[in-house]
Amino acid sequence: MVRAHHWGVPEPKEDPMRFLCMVRMDEAQAAEAPPAIYQAMGAYEQEGRANGTLVESQGLLPSAAGAIVTVADGRAKAIDGPFAEAKELVGGYAVVDVHSRAEAVELGRRLVQLHLDNWPTWNGTVEIRQIAEF
């Protein structure tokens, strides 16, 4: 199978590496998202789907719609959101299929820059973790 590298150069797909990219930010800031960020994200996703690097990408609902399940003292306990004690929460994610960690980091860097360019008051991070292939 041949796919276009995210810079448009065709490369054989030999040993794909999948990474989970998690966009972390202050949940309260999400309500301030300008329309430009959604347009820019749409273009970023379209490019990734077209060149084969983006496997899946979604935004997440506020923590009020979620829960955390933990184990303490040998017992499982579920806590409904919102999670007021958390400073940064995952607000969205992407699974990318790339040739190297460096390529995944570059896609993450572009994602951060896209936020800065279209949402100047945004503060956050993109955590990039390789997915274990068993």
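The figures that follow rest on heavy atoms only: side chains count, while hydrogens, waters and symmetry mates do not.
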Hey, any chance [X] and [Y] share a hydrophobic cluster, counting ILVMFWY side chains that come within less than 4.5 Å of each other, even indirectly?
{"X": "Val126", "Y": "Leu114", "answer": "yes"}
{"X": "Met17", "Y": "Val105", "answer": "yes"}
{"X": "Val112", "Y": "Val90", "answer": "no"}

query = Under the 4.5 Å side-chain heavy-atom rule for ILVMFWY, direct or indirect, which residues accompany Phe134?
reply = none
ask   = Any donor-acceptor pair under 3.5 Å linking the side chain of Glu47 with the backbone of Ala43?
value = no
Gap separating the [atom1] atom of [X] from the [atom2] atom of [Y], nearest 0.5 angstrom:
{"X": "Ile37", "Y": "Trp122", "atom1": "CD1", "atom2": "CH2", "value": "8.0 Å"}
{"X": "Arg101", "Y": "Phe19", "atom1": "CZ", "atom2": "CZ", "value": "7.0 Å"}
{"X": "Leu89", "Y": "Met22", "atom1": "CG", "atom2": "CE", "value": "12.5 Å"}
{"X": "Met41", "Y": "His115", "atom1": "CE", "atom2": "NE2", "value": "5.5 Å"}
{"X": "Ile128", "Y": "Glu106", "atom1": "CD1", "atom2": "CD", "value": "9.5 Å"}
{"X": "Thr125", "Y": "Leu111", "atom1": "OG1", "atom2": "CG", "value": "10.5 Å"}

key: Greater than 12 external heavy atoms within 6.0 Å of Gln130's CD   = yes
request  = Evaluate whether atom CZ of Arg109 has more than 12 neighbouring non-hydrogen atoms of other residues, nucleotides or ligands under 6.0 angstrom away.
outcome  = yes
inquiry  = Before you tell me yes or no, could you show the steps for Val96 and Val55 under side chain to side chain contact (heavy atoms under 4.5 Å, CB included), namely the whole-Å CA-CA distance, both residues' side-chain angles and the distance that decides it to 0.1 Å?
reply    = CA-CA 5 Å; Val96 296; Val55 175; 6.0 Å; no
ask   = Tell me the salt bridge (Lys or Arg N to Asp or Glu O under 4.0 Å) pairs involving residues 59-84, sequence neighbours left out?
value = none
Residue pairs passing the salt bridge (Lys or Arg N to Asp or Glu O under 4.0 Å) test where at least one lies in residues 111-134, sequence neighbours excluded = Arg18-Glu133, Arg24-Glu127, Glu127-Arg129
Going by atom type alone, with no hydrogens or angles, which donor-acceptor pairs under 3.5 Å involve a side-chain atom of residues 57-72 and a protein atom two or more places apart or on another chain?
from	atom 1	to	atom 2	distance (Å)
Ser57	OG	Glu45	OE2	3.2
Ser57	OG	Tyr93	O	3.4
Ser63	OG	Glu27	OE1	2.8
Ser63	OG	Glu27	OE2	3.3
Ser63	OG	Phe83	N	3.1

inquiry  = Applying side chain to side chain donor-acceptor pair (under 3.5 Å) as the test, list every pair that has at least one member in residues 29-44; sequence neighbours left out.
reply    = none
request  = Check the pair Val95, Ile131 against side chain to side chain contact (heavy atoms under 4.5 Å, CB included), reporting the backbone distance first and the verdict last.
outcome  = CA-CA 9 Å; Val95 175; Ile131 297 171; 3.9 Å; yes
message = Quick check: do Val98 and Leu107 have side-chain heavy atoms less than 4.5 Å from each other?
response = yes
remark   = Applying side chain to side chain donor-acceptor pair (under 3.5 Å) to Arg49 and not counting sequence neighbours gives none
